[in-house]
Amino acid sequence: MTIFYEKEIKKQQKIKIISNFKGFRSKITVSDLAKVWLNSRQATVKQSTFSTYSVLINRHIVPYFKCICPKNADIQRFVSDKSGELSAKTIKDLLMILKMIFRYGTSKYGVVCPEIEAKFENNLNKVEVFSLEEHRKILNYLRENFSLKNLGIFITLTTGLRIGEVCALKWGDVDIREGVICVNKTVQRIYDTTAKRTKLIISGPKTHASVREIPICAELKKILKSLKPLMYDKNYVLTNSEHPLEPRTYREYYRRILNGLNIAYRKFHVLRHSFATRCIESHCDYKTVSTLLGHTSISTTLNLYVHPTTAQKRKCINKMLKSLNI
């Protein structure tokens with residue numbers, strides 16, 4: 001008898017769960033689904049990634065989508081509305097998040113979601129770089145005006161480090177004997193969803209490929225070799241203290257240098273783009289450049305930096321025809 005009642009209770013509980021599931025599935029909106037998906041990701045992604053997801057979802061997706069089952073026209077309208085407000089990269093990120101949310105809704109709740117086919121003007125492949133003249137001008141200024149902050153910019157221009165990586169660089173990461181810099185962490189300011197404010201964190205680099213060793217040029221090695229014996233390994237390079245320099249503070253410092261040199265302002269990341277572009281222009285093989293930059297895939301490097309000119313295309317065709325004796 002006891003067994004019978006236990007089975008009956010479990011049966012009723014199962015019926016209740018299924019009923020709740022169907023009710024949720026029939027009423028769930030994109031905003032609701034986004035919140036559920038976000039909560040499911042908290043324990044599986046890096047804190048910085050979760051913070052990015054949270055900000056994008058709460059600022060853009062939740063306020064916009066109140067419907068139960070959006071159509072592609074709704075997604076396209078969303079993209080069009082956001083195009084004047086956000087960068088192409090942010091829109092691309094939003095679409096990627098929406099795709100993950102929809103897949104989650106389909107697999108978890110059986111919600112019928114559209115395949116995203118929204119179109120937008122993607123300028124991500126148009127990479128800004130400093131001209132050769134500007135590149136040389138910046139390097140010469142850094143040589144003539146030594147400081148630890150200027151050393152960081154010199155390191156960025158000769159190794160391609162990201163701003164968070166150079167801010168996180170410690171003297172212990174500089175291996176003079178091997179002539180390499182070890183990249184194994186990054187500094188960034190993220191939004192703390194619990195405290196409802198931003199905070200500075202030090203974490204692993206952007207991806208597993210971003211953990212890397214980068215050879216240093218002879219000039220940089222000479223500078224670092226003279227400094228390292230005077231520094232503590234636990235101290236950060238830019239501050240020579242146990243506290244890192246915050247990226248946004250460093251960006252402002254960098255901005256002042258460009259203003260002083262009468263060079264039009266470009267984002268700090270353009271230093272990295274300029275390093276990569278100079279490598280490509282010097283005919284370095286693409287795989288090596290990709291590894292130096294810490295890209296997960298060589299296709300990322302190719303899409304960003306390899307854009308043959310008409311002259312290069314013509315030379316390629318002529319070379320091919322010459323091999324055929326035409």
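These numbers come from a predicted model, not from an experiment.
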**salt bridge (Lys or Arg N to Asp or Glu O under 4.0 Å) partners of Arg189, counting only residues at least two apart** =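 Salt bridge (Lys or Arg N to Asp or Glu O under 4.0 Å) list for Arg189, sorted by chain: Glu246.
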
**Prompt:** Excluding sequence neighbours, so at least two apart, what forms salt bridge (Lys or Arg N to Asp or Glu O under 4.0 Å) with Asp175?
**Reply:**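 Once residues adjacent in sequence are excluded, Asp175 has no partner under the salt bridge (Lys or Arg N to Asp or Glu O under 4.0 Å) criterion.
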
Verify whether one side chain among [X] and [Y] offers a donor that lies under 3.5 Å from an acceptor in the other.
| X | Y | answer |
| --- | --- | --- |
| Ser210 | Thr207 | yes |
| Asn303 | Ser299 | no |
| Arg256 | Asn259 | no |
| Thr90 | Ser87 | yes |
| Thr301 | His295 | yes |

Presence of salt bridge, [Y] and [X], under 4.0 angstrom:
| X | Y | result |
| --- | --- | --- |
| Asp173 | Lys170 | no |
| Lys89 | Asp93 | yes |
| Glu134 | Arg266 | yes |

At their closest point, which heavy atom of [X] faces which heavy atom of [Y], and how far apart are they?
| X | Y | answer |
| --- | --- | --- |
| Leu148 | Thr239 | CD1-C, 4.3 Å |
| Tyr53 | Arg41 | CE1-NE, 4.5 Å |
| His135 | Phe130 | N-CB, 4.2 Å |
| Glu128 | Val270 | O-CG1, 3.5 Å |
| Leu161 | Thr156 | O-CG2, 3.3 Å |
| Val289 | Ile280 | CG2-CD1, 4.1 Å |

Roughly how far apart are [X] [atom1] and [Y] [atom2], rounded to 0.5 Å?
| X | Y | atom1 | atom2 | answer |
| --- | --- | --- | --- | --- |
| Ile257 | Asn145 | CD1 | CG | 8.5 Å |
| Tyr250 | Leu238 | OH | CG | 4.5 Å |
| Thr186 | Lys46 | OG1 | NZ | 7.5 Å |
| Ser54 | Lys35 | OG | NZ | 11.0 Å |
| Glu213 | Leu292 | CD | CG | 12.0 Å |
| Arg248 | Cys167 | CZ | SG | 12.5 Å |

**Request:** Test Thr158 against Phe275 for side chain to side chain contact (heavy atoms under 4.5 Å, CB included), laying out the working first.
**Result:** CA-CA 6 Å; Thr158 55; Phe275 164 80; 5.5 Å; no

**Asked** Where do Leu245 and Tyr253 land on the side chain to side chain contact (heavy atoms under 4.5 Å, CB included) test, with the steps shown first?
**Response** CA-CA 11 Å; Leu245 183 65; Tyr253 176 79; over 6 Å; no

**Request:** Start with the C-alpha gap between Glu252 and Arg255, add the side-chain angles, then the distance that decides, and say whether salt bridge (charged side-chain N to carboxylate O under 4.0 Å, His left out) holds.
**Result:** CA-CA 5 Å; Glu252 186 53 40; Arg255 181 192 292 272; 3.7 Å; yes

Between the side chain of [X] and the main-chain N/O of [Y], is any donor-acceptor distance below 3.5 Å?
| X | Y | result |
| --- | --- | --- |
| Arg272 | Gly160 | yes |
| Thr52 | Ser48 | yes |
| Lys228 | Trp171 | yes |

**Prompt:** Once the angle between the rings of Phe78 and Tyr64 is folded into 0 to 90°, is it parallel (under 30°), tilted (30 to 60°) or perpendicular (over 60°)?
**Reply:**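 If you compare the ring of Phe78 with that of Tyr64, the planes turn out perpendicular.
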
Taking the side chain as every heavy atom from C-beta outward, state whether [X] and [Y] have any atom pair closer than 4.5 Å.
| X | Y | result |
| --- | --- | --- |
| Asp81 | Arg77 | yes |
| Ile101 | Leu38 | no |
| Leu230 | Asn240 | no |
| Pro247 | Leu200 | yes |
| Arg162 | Gln188 | no |
| Leu33 | Phe65 | no |
| Gln42 | Asn39 | yes |
| Val166 | Val237 | no |

**Item:** is_close_aromatic(His273, Tyr305), centroid dist under 6.0 Å
**Value:**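 Centroid distance His273-Tyr305: below 6.0 Å, so yes.
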
Exceeds 12 heavy-atom contacts within 6.0 angstrom, atom [atom1] of [X]:
| X | atom1 | value |
| --- | --- | --- |
| Tyr286 | OH | no |
| Phe146 | CZ | yes |
| Lys287 | NZ | no |
| Arg143 | CZ | yes |
| Glu133 | CD | no |

I'd like to know if [Y] and [X] are part of one continuous hydrophobic network [Ile/Leu/Val/Met/Phe/Trp/Tyr, side-chain heavy atoms within less than 4.5 Å].
| X | Y | value |
| --- | --- | --- |
| Leu94 | Val36 | yes |
| Met96 | Tyr104 | yes |
| Ile202 | Val183 | no |
| Met231 | Tyr236 | no |
| Val187 | Ile155 | no |

**Prompt:** Does the pair Val55 and His60 meet the rule for a side chain to side chain contact (heavy atoms under 4.5 Å, CB included), with working shown?
**Reply:** CA-CA 8 Å; Val55 169; His60 303 289; over 6 Å; no

**Arg251 to Phe268, cation-pi by 6.0 Å centre distance and 45° axis angle** =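 No cation-pi geometry.
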
**Request:** Take Lys149 and Tyr254 through the test side chain to side chain contact (heavy atoms under 4.5 Å, CB included) and record every step on the way to the result.
**Result:** CA-CA 9 Å; Lys149 290 180 182 177; Tyr254 155 79; over 6 Å; no

**Asked** Which residues pass the side chain to side chain donor-acceptor pair (under 3.5 Å) test with Ser51, sequence neighbours left out?
**Response**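 Ser51 satisfies side chain to side chain donor-acceptor pair (under 3.5 Å) with no residue once adjacent residues are dropped.
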
